[in-house]
Undergrad: 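Quick one: the structure is below, and I'll ask about it shortly.
Below, read A as the first sequence line, B as the second, and so on, with proteins coming before strands; counting in each chain starts at 1.
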2 protein chains.
Amino acid sequence: MKTTLENFLEAIPQVNTLEHFQAATEELRDKLELEHVVYHWVNSVGERFGAGTYSSEWVDRYLEKDYLRMDPVIFGCFQRFTPVNWKQLDWSTKAAKAFLVEAIDFGVGNQGYTIPIRGPHGQFALFTVNNTASDADWEAFIDAHGRDLIIVGHEFNKKALEFETGDSALPTPSLSPRELMAISYLAKGFSRAQAAQEMGISEHTLRVYIEAARHKLGALNTTHAVARALSTGVIIV
Amino acid sequence: MKTTLENFLEAIPQVNTLEHFQAATEELRDKLELEHVVYHWVNSVGERFGAGTYSSEWVDRYLEKDYLRMDPVIFGCFQRFTPVNWKQLDWSTKAAKAFLVEAIDFGVGNQGYTIPIRGPHGQFALFTVNNTASDADWEAFIDAHGRDLIIVGHEFNKKALEFETGDSALPTPSLSPRELMAISYLAKGFSRAQAAQEMGISEHTLRVYIEAARHKLGALNTTHAVARALSTGVIIV
DNA sequence: TTTACCCTCCCCCAAAATAGGGAGGTATAA
DNA sequence: TTATACCTCCCTATTTTGGGGGAGGGTAAA
């Protein structure tokens, strides 16, 4: 006998095309008897990929209005690792309230559960299930399927990663140890002079590392270099 | 009848103390019949917390030598979201080879499986199971328990997060919309002048935002502010 | 052995960022 | 109503970075 999880996992696409992802979200939506299932990700260079059952009108509206920048789901999930029941999020701002009303107008259900997933190179993905339901019914649904959904979300993401790396494989720039140290110190707020002192070298030398790192990271300035190093994961904290 | 997963989850501590975490790793190790189970995390301000069954000699050695900065497991996991079988990692550098030999000397098994977990505020955690085994046996073990371990790792992390927020709750600084925009542009590599133009305001005004954001973020300079904003998740990409 | 990459040091000068200060208008919340 | 926080603009001076250039010695791989 198949478990519920195995049943869900059957929906994960076997072939890496956007169409298969789309079909998988639809299949999963039907299996779960929900209104919407959405998988969406953004990598560190801002490339996006998404598949889901939201109406194309809503997707267009969302992109057009750049709702990514104020959607409480995105924001809440970005600061969290645990799956989020939408009811837990902060909908108190005026913009958030208006956003929610508009979303429901476009056929998005009032209840949602989103699993944030983080990947290599600053990749950030969301796996969302959505429905119109009472709070109690939704609680019960999450209790029953929450853990399975985590696994399903991760399987989705694994597929998406294969897709990405096959397509536009981002080579992680390899910084030399001294370059890494230099960038790390700057990320901690040290000035060049302080970092140089900390590393026991002249500031001139340190500058050479910073510039080498900047070029390797394809960054426009030091701040950009640190930002890229952090979001691609080449430096820690 | 209890499922394997339920059996494992029984080991998750019900009370938030370091001792309970320690006990949980030991209980899990025994249930899984492994040599080691380790849970470890670092948050964005560098605070650490760990519980596990490694010998204290190895932990001391590891900290003393600052192996965190060259451990291929840490490095590999930091750039990945999927669980990692240690055999897949890059052990080719001289330092990595020496590290592995030393680890085994200190009683660490030759096989490992580590689940990277990312949380809010730049938190990064690792949940590791470790054993001495042949490649085939280890593969079989992972096939059997890999998914359960993901859930267990996440449950561990959930507990650790409760622990942290209860203890030294880091209030996420709340930046105003304009401050967020300003910091975001800088993170993208814009100069102050470019960012100001992009936002349609004077460079002077933009500077006020940057400085306000710097103060809120407790940052020493702009680069530090961007680094903190990224690692605490207040800005996206 | 040559090639390549890494580490270290130095010069000069223009451009950008930082550290203080102050001022006025608009919301929103206590 | 009175704070409080936000948005916008301006000043001066100092410090820090950025963009060029060049040079020597080390290690490691091809």
Undergrad: Do B:Lys159 and B:Phe156 meet the cation-pi criteria used here (NZ or CZ under 6.0 Å from the six-membered ring centre, within 45° of the axis)?
TA: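 No, cation not above the ring by the 6.0 Å, 45° rule.
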
Undergrad: Name all residues meeting the side chain to side chain donor-acceptor pair (under 3.5 Å) criterion together with B:His224; count only those two or more places apart in sequence or in a different chain, and write none if there are none.
TA: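 So B:His224 forms no side chain to side chain donor-acceptor pair (under 3.5 Å) with any residue.
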
Undergrad: Output a table of nitrogen or oxygen pairs between the protein and nucleotides 25-30 of chain C separated by less than 3.5 Å.
TA:
unit_1 : atom_1 : unit_2  : atom_2 : d
C:dT28 : OP1    : A:Lys94 : NZ     : 3.3

Undergrad: Nearest-Å distance, CD (A:Glu211) to C1' (C:dC10)?
TA: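 Spelled out: CD on A:Glu211 to C1' on C:dC10 is 14 Å.
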
Undergrad: Once salt bridge (Lys or Arg N to Asp or Glu O under 4.0 Å) is applied, what residue pairs with a partner in residues 128-142 of chain A remain, sequence neighbours excluded?
TA: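 Non-adjacent pairs meeting salt bridge (Lys or Arg N to Asp or Glu O under 4.0 Å): A:Lys87-A:Asp135.
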
Undergrad: Residues two or more places apart in sequence or in another chain: which of them pass side chain to side chain contact (heavy atoms under 4.5 Å, CB included) with B:Val208?
TA: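 In terms of side chain to side chain contact (heavy atoms under 4.5 Å, CB included), with neighbours along the sequence ignored, B:Val208 is linked to no residue.
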
Undergrad: So, using side chain to side chain donor-acceptor pair (under 3.5 Å) as the criterion, who are the partners of B:Asp60 when residues are at least two apart?
TA: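 B:Asp60: no side chain to side chain donor-acceptor pair (under 3.5 Å) contacts found.
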
Undergrad: Output all residues satisfying side chain to side chain donor-acceptor pair (under 3.5 Å) with B:Ser202, sequence neighbours left out; order by chain, then residue number.
TA: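 In terms of side chain to side chain donor-acceptor pair (under 3.5 Å), with neighbours along the sequence ignored, B:Ser202 is linked to B:Thr205.
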
Undergrad: Go through the structure and list residues passing side chain to side chain contact (heavy atoms under 4.5 Å, CB included) with A:Lys97, not counting sequence neighbours.
TA: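 With sequence neighbours excluded, A:Lys97 shows a side chain to side chain contact (heavy atoms under 4.5 Å, CB included) to no residue whatsoever.
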
Undergrad: What residues from residues 189-196 of chain A pass a heavy-atom cutoff of under 4.0 Å to DNA chain D?
TA: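 When residues 189-196 of chain A is checked for heavy atoms under 4.0 Å from DNA chain D, the hits, listed by number, are A:Ser191, A:Arg192.
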
Undergrad: Side chain to side chain contact (heavy atoms under 4.5 Å, CB included) with A:Asp105: which residues, sequence neighbours excluded?
TA: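 Checked A:Asp105 against side chain to side chain contact (heavy atoms under 4.5 Å, CB included); zero matches.
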
Undergrad: Counting C-beta onward and ignoring hydrogens, is there a side-chain heavy-atom pair between A:Val84 and A:Val73 closer than 4.5 Å?
TA: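 No, every pair of side-chain atoms sits at 4.5 Å or beyond.
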
Undergrad: Is any side-chain heavy atom of A:Leu149 less than 4.5 Å from a side-chain heavy atom of A:Ile115?
TA: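 A side-chain contact exists here, since the closest heavy-atom pair is under 4.5 Å.
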
Undergrad: What N/O pairs connect the protein and nucleotides 3-9 of chain C at under 3.5 Å? Give each pair on its own line.
TA:
unit_1 : atom_1 : unit_2   : atom_2 : d
C:dC6  : OP1    : A:Lys216 : NZ     : 3.2
C:dC7  : OP1    : A:Arg178 : N      : 3.4
C:dC7  : OP2    : A:Ser176 : OG     : 2.5
C:dC7  : O3'    : A:Tyr209 : OH     : 3.4
C:dT8  : OP1    : A:Arg178 : NH2    : 3.1
C:dT8  : OP2    : A:Arg178 : NE     : 2.7
C:dT8  : OP2    : A:Arg178 : NH2    : 3.2
C:dT8  : OP2    : A:Tyr209 : OH     : 2.3
C:dC9  : OP2    : A:Ser202 : N      : 2.7
C:dC9  : OP2    : A:Ser202 : OG     : 3.4
C:dC9  : OP2    : A:Thr205 : OG1    : 2.9

Undergrad: For residues 214-223 of chain B, pull every pair meeting side chain to side chain donor-acceptor pair (under 3.5 Å), keeping only residues two or more places apart or in separate chains.
TA: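 Side chain to side chain donor-acceptor pair (under 3.5 Å) check on residues 214-223 of chain B returns A:Thr223-B:Thr223, B:Glu179-B:Lys216.
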
Undergrad: Does anyone know the first and last nucleotide of DNA chain D in reach of chain B, 5' to 3', at under 4.0 angstrom to a heavy atom?
TA: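 From 5' to 3', the first and last contacting nucleotides are D:dC6 to D:dA28.
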
Undergrad: Out of curiosity, B:Ser184 OG to B:Glu198 CD, how far, rounded to the nearest 0.5 Å?
TA: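 Here the interatomic distance stands at 12.0 Å.
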
